[in-house]
Structure formats: C-alpha cells, structure tokens
Amino acid sequence: MSLDPHAQNEVLSNSLNAHIYERLTSRDENLALIPALAVGWKQVNARTWDFQLRKGVHFHDGSLLTGEDVVFSVQRAQHPASAVAQYARGLGHVSHLGNGLIRFRLDTPNPVLLDHVDAIPIMCRQWARDHGVMVPLSLKASQESYAKHHANGTGPFRLLSRQADVRTVLVRHDGYWGTLKGNVTQLDMIPIANALTRTAALTTGEVDLVTAPSPRDLNRLANTPGIVVRRTLENRVVFLGFDQFRDELTTSNIKGRNPFKDQRVRWAVAHAIDYDAIRNVLLRDQVVPTGCLLPSALTCATVPEMESRRALYQPARSRQLLTEAGYPDGFEVALDCPNDRNVNDEVLCTALASMLAKVGIGLRVNLIPKAQFFPKLDRLESSAYLMAWGGAELDPQPTMEPLMHSWDERTGRGEVNFGRFSDAKLDALIESTAIEPNPRKRLPMIREALLRHQAQAYHVPIYRQTLTWAMREGVNAQPAANNHMRAWFVTVSGN
C-alpha cells in the first residue's frame with residue numbers, strides 16, 4: 001500500500017488516500033459526482049472544459065491550494081510511472097488561466113472526462129519539490145520515495161503516523177474547508193490478512209469495523225450480540241487472465257507452444273469452472289456469477305446478451321475444446337493468486353485448481369501478498385492470474401481502455417492488459433467509443449466491443465462480489481459499491 005496517490009490504483013490504497021488527497025470532483029453517498037476542490041465546471045466546446053477552483057483551501061501543512069498545484073498534479077499523473085496515467089492522459093493539456101480557472105484542452109472529445117477528472121488526486125507542488133517526489137515512484141521497479149510513507153493533501157483527514165503493513169493512523173484535519181456528516185475524529189487502518197484473525201479482532205473489540213469478513217463467519221457475526229452486518233452489491237468483478245503474447249509459457253509443461261493463445265483453450269477454462277458451486281457452497285451466496293467484465297451490474301444490464309452468452313459449467317465441452325486445440329491430455333501451468341486482497345482469494349484459487357484438474361488442466365497455485373502480486377503482473381511474469389476490477393464509474397470506458405485494449409505505450413491504453421493480447425478490431429471500437437460524444441451512436445460501439453471481448457474469452461469473468469461489512473453496534477457505516485470506507489460519512493455512538 002502506497003500513500004503516493006498516483007503510484008498505485010488499487011482499492012485499499014485508493015480508499016486510504018481519499019481521506020488525505022482530494023480531487024476536483026468527489027462522490028456523494030450514492031457515488032454521484034459532486035463538486036469538491038472545484039466549485040463547478042462547464043464544457044466550453046467539444047474539446048475544451050473549464051473548472052473553477054474553490055478558494056481558501058489549504059493543504060495539511062498550511063500552504064494554500066493554487067491552480068499551479070492542479071496543473072502539476074495532472075501532469076504528474078500523466079507521467080509514465082503513474083498508475084492513473086490512462087485516465088490523466090484523457091484530460092489532454094491542462095493550464096491555469098488565472099484566478100483559479102483550470103482549462104483542459106483535449107486532442108479529441110472525451111465523453112467520460114468527468115470520470116477521468118475524478119481519478120486524479122491533487123498534490124502540493126511545493127511539497128513534492130521539497131521532498132523530491134515530482135514524479136510518482138515506480139512500483140514495478142520496487143522504488144521507495146518520501147511520498148510512499150508521507151502525505152500532504154487537502155482532505156478531511158491528515159496523516160498522523162504510519163507503520164507500513166501494520167497500522168496507519170489518520171486524524172481529522174481541523175482546517176478542512178468542508179463540513180462532514182460523520183463524527184469520526186481518528187481512523188486507525190489495520191491490515192489483517194487472516195480472515196479468522198479479522199473476525200476475532202472485531203468480536204473482541206480490538207477493531208470497530210471489518211470491511212472483508214470471511215463468508216464462513218457471516219451468519220455467526222450476524223447473530224453475535226453487539227455486531228451489525230451490512231451488505232451491498234459491489235462494483236467489482238473477479239476474473240482470470242492469461243499470458244497471450246509469449247510463444248511459450250514460462251510455467252507450463254508444454255514446450256514450444258502457448259495454449260492460452262488459442263481461443264478454444266480459454267473457453268475450455270471458462271467451461272471447467274463450476275460457478276454455482278462457487279456461489280452456493282464456496283462463498284455462501286456472497287457472489288453473483290457473471291459473464292460481464294464491467295464493474296457495475298447496472299452498466300452490464302445495458303448489454304444483456306453478455307449474461308445470456310456467459311460460460312456455463314460444461315466439463316465435457318472443456319475436454320472437447322482442449323482436444324480440438326491439440327491438448328487431449330491437458331497441460332500444467334502456474335496460477336498467481338493474491339492471498340490478501342479480495343474475499344477468500346486463497347480458497348477460490350484452490351477450488352479453481354480442483355475444478356480445472358477434472359478436465360486435464362493442472363494449476364499450480366502460487367499464493368502471494370498483493371505487494372508482490374501486482375509488481376509481478378506489471379513485469380508480465382504471470383502465465384495465469386486471478387484479478388479483480390472495480391470502481392465507482394458507470395461508464396464502460398474506464399474499464400475498456402486499460403483492461404481490454406492492446407498495450408499502447410504512447411497513449412497508456414492497455415496498461416492493465418497483463419496478458420498482452422492484441423486485437424486491432426477491438427482496439428478500433430474502444431478508440432471510437434472514447435471520442436464519440438453522441439450517446440446514441442456510442443452505445444452500439446460499446447456493445448460490439450464488449451461482445452467481441454467476451455466472444456474471444458480474452459479474460460474469463462467468474463463473479464461479482466457482494467460487499468459485506470461487519471461492525472460493532474454503535475458504528476453507522478454503509479458499504480459503498482466501490483468498497484471505499486469513507487470515514488467522513490461514518491458516525492459512532494456508545495462506548
């Protein structure tokens with residue numbers, strides 16, 4: 001987890017940093033966009049947007065927020081090492097016209113510009129210069145920097161102390177410009193990797209809220225006096241990805257070939273998964289199987305064919321496809337899986353190995369902490385991997401560009417296409433949707449792009465998570481679909 005707000009685009013880091021670093025926009029309790037550091041905005045023309053900066057906002061060190069800080073932050077976020085570069089580049093050329101007026105001049109129209117603005121945290125230029133962090137640290141290169149462990153934002157909470165992987169303490173910023181609904185004055189964020197330990201910490205009073213209780217413990221927690229369980233459908237989809245660019249997989253017993261380059265093999269994987277067993281037995285009805293790779297179920301509903309065409313559990317079909325592809329005896333390969341990111345990742349990956357073994361695909365499950373998992377993906381060292389993708393955005397573009405587009409170093413598209421598959425027709429569709437301002441013309445392009453990606457099985461969606469939080473009685477916190485714990489909405493009563 002990094003405190004550098006441009007260095008890592010991952011739910012826990014984003015949730016933590018949102019307390020410290022703000023954006024020009026924010027999201028209300030229902031995830032609708034609202035003004036934040038900008039009091040308002042307008043689209044001047046198809047390629048020009050203006051944002052008016054809020055006056056009198058101070059960073060935690062007391063320095064005044066200026067238009068130059070916004071320009072610096074956007075340009076820093078556009079740096080190749082930035083984890084949010086694919087969004088920042090969509091903002092085009094940024095300038096401060098004076099008196100807090102920020103202008104974005106685009107090379108092409110951007111129908112999701114507001115979503116991209118909402119992905120860029122604002123930093124203090126002078127603080128960054130003083131501490132030698134004018135560009136983001138590179139997690140791929142395992143770099144360390146002052147900004148990874150220190151912070152200076154404008155948000156409702158400021159950093160009090162940090163022990164990496166142990167405890168991060170935030171306290172309310174007395175000089176905050178806005179008003180807060182919640183009454184939390186100190187937030188202690190404690191990473192607890194083991195699910196049983198998390199549950200025990202809650203029931204013994206060591207912690208007040210757990211954002212990822214084990215599904216096995218939910219019934220017990222719901223019936224425990226003094227504990228409250230709340231649920232919502234999360235904007236997050238869990239899926240499998242594959243190396244589709246090497247001629248030979250680095251972790252397979254098949255030499256001279258890459259099975260995952262064959263669409264039939266990818267569909268064989270998809271049909272080998274018992275989705276109902278995962279939902280009903282493994283994860284206790286806390287997930288919804290899906291064929292749609294978009295985070296929001298509401299957005300997926302605009303292309304209903306994706307669910308009707310999703311893979312079903314058909315092991316005989318899997319074996320047939322493997323035989324047709326030239327692997328009648330199957331093959332072996334390593335599956336990289338984080339053990340401390342999503343609910344029951346470890347259990348899921350172990351179950352997937354058992355399911356795929358029945359059709360001849362032997363998965364050697366490699367369980368690693370997310371601090372090692374993501375850099376390994378960035379280095380393109382995984383033959384197969386379990387990943388999740390989420391966010392507050394309802395538009396498909398922030399998913400299609402980084403996840404489904406071919407890797408393009410110039411534009412940053414395809415940055416999280418870790419399988420490095422390449423599809424020129426799919427790319428053209430995604431690029432067209434990125435610049436088409438007319439919703440009626442744009443929706444058919446989106447539909448065609450999503451269905452093409454699904455038909456090729458470039459990724460294999462498994463399920464959408466139900467987000468469950470458990471908290472002690474007296475803590476009033478409602479889970480948000482983007483899984484950000486926002487302490488400024490939380491109220492606490494009692495002892």
Side-chain angles (χ1 to χ4, degrees), residues 10 139-142 193 237-274 278 293 311 315 318-319 321-342 344-389 402-404 406-407 414-423 456-462:
E10 186 268 332
L139 291 180
K140 296 180 184 180
S142 301
V237 60
V238 176
F239 60 92
L240 290 173
F242 317 100
D243 176 345
Q244 296 170 60
F245 73 97
R246 287 187 175 88
D247 292 329
E248 179 180 305
L249 293 175
T250 59
T251 65
S252 175
N253 64 330
I254 300 294
K255 302 306 177 184
R257 299 173 67 187
N258 179 347
F260 293 133
K261 281 191 171 187
D262 194 313
Q263 174 190 2
R264 293 168 296 187
V265 172
R266 301 193 296 270
W267 273 109
V269 172
H271 286 303
I273 298 172
D274 190 338
I278 290 174
L293 201 65
S318 291
R319 288 189 287 269
L321 287 168
L322 288 172
T323 298
E324 292 175 1
Y327 305 98
D329 298 322
F331 59 93
E332 296 178 2
V333 69
L335 172 69
D336 290 322
C337 184
N339 60 7
D340 59 352
R341 188 180 186 224
N342 301 296
N344 272 12
D345 276 341
E346 183 173 345
V347 174
L348 173 62
C349 287
T350 302
L352 290 174
S354 177
M355 293 173 186
L356 267 68
K358 294 177 181 178
V359 302
I361 301 176
L363 293 183
R364 300 189 305 276
V365 177
N366 181 28
L367 297 167
I368 52 179
K370 62 178 181 291
Q372 300 172 21
F373 175 77
F374 285 111
K376 185 173 185 179
L377 291 187
D378 285 333
R379 296 191 300 268
L380 308 181
E381 294 177 355
S382 286
S383 296
Y385 53 89
L386 182 82
M387 189 174 163
W389 186 259
L403 195 60
M404 303 180 189
S406 305
W407 166 236
E415 185 171 10
V416 292
N417 173 359
F418 297 120
R420 289 298 190 262
F421 59 82
S422 182
D423 184 329
Q456 295 294 323
Y458 290 128
H459 298 96
V460 173
I462 304 175

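Computed from a predicted structure; not experimentally measured. By convention here, the first residue in the shown sequence is residue 1.
Contact detail for Thr250 and Glu381: the closest heavy-atom pair is OG1-O, 4.5 Å. Taking both residues in full, the closest heavy atoms of Phe245 and Arg420 are given as CD2-CB, 3.5 Å, listed atom of the first, atom of the second, then distance. When all heavy atoms are compared, the tightest approach of Asn417 to Ser406 is ND2-CA, 3.9 Å. Pro461 and Val237 get closest at one heavy-atom pair: CB-CG2, 4.4 Å. Here the closest non-hydrogen pair linking Ser383 and Ala334 is CB-O, 4.1 Å. Here the closest heavy-atom approach between residue Leu321 and residue Ala268 is recorded as CD1-N, 3.8 Å.
Here the straight-line distance linking atom CE of Met387 with atom OG of Ser382 works out to 10.5 Å at 0.5 Å rounding. Taking CG of Leu335 as the start and OG1 of Thr251 as the end, the distance is 9.0 Å to the nearest 0.5 Å. Note that the CH2 atom of Trp267 and the CG atom of Asp262 stand 13.5 Å from one another [nearest 0.5 Å]. Between Leu348 atom CG and Cys337 atom SG the span is 6.5 Å, to the nearest 0.5 Å.
Using a 4.5 Å heavy-atom threshold, the side chains of Val269 and Phe242 count as touching. At a threshold of 4.5 Å between non-hydrogen side-chain atoms, the residues Leu249 and Asn258 count as touching. Considering only heavy atoms from C-beta on, Pro402 comes within 4.5 Å of Trp389 through its side chain. In this structure the side chain of Arg257 never reaches within 4.5 angstrom of the side chain of Phe331, judged on heavy atoms. Leu240 places a side-chain heavy atom less than 4.5 Å from the side chain of Leu386. With contacts defined as side-chain heavy-atom distances shorter than 4.5 Å, the pair Phe260/Phe421 does not qualify. Side-chain contact between His271 and Val359 is absent, with no heavy atoms from C-beta onward closer than 4.5 Å. Counting only heavy atoms from C-beta outward, the side chains of Ile361 and Leu322 approach each other to under 4.5 Å.
Counting only distance, with no hydrogens or angles, the side chain of Arg266 and the backbone of Gln456 share a donor-acceptor pair below 3.5 Å. Listed for the Arg264 side chain is no donor-acceptor partner under 3.5 Å among the backbone atoms of Thr323.
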Leu356/Ile273 under side chain to side chain contact (heavy atoms under 4.5 Å, CB included): CA gap, chis, key distance, verdict: CA-CA 7 Å; Leu356 267 68; Ile273 298 172; 4.1 Å; yes
Test log, rule side chain to side chain contact (heavy atoms under 4.5 Å, CB included), inputs Met404 and Tyr458: CA-CA 8 Å; Met404 303 180 189; Tyr458 290 128; over 6 Å; no
Chi angles and distances behind the side chain to side chain contact (heavy atoms under 4.5 Å, CB included) call for Asp247, Lys261: CA-CA 8 Å; Asp247 292 329; Lys261 281 191 171 187; 2.8 Å; yes
Full working for side chain to side chain contact (heavy atoms under 4.5 Å, CB included) between Leu380 and Asp243: CA-CA 8 Å; Leu380 308 181; Asp243 176 345; over 6 Å; no
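The aromatic rings of His459 and Phe239 stand perpendicular to each other, their planes meeting at an angle above 60°, with 30° marking the opposite boundary.
Under 3.5 Å, the side chains of Asp336 and Asn366 contain a donor-acceptor pair of N or O atoms.
In this view, Lys370 and Glu10, Leu12, Asp340, Arg341, Phe374 satisfy the side chain to side chain contact (heavy atoms under 4.5 Å, CB included) rule, not counting sequence neighbours.
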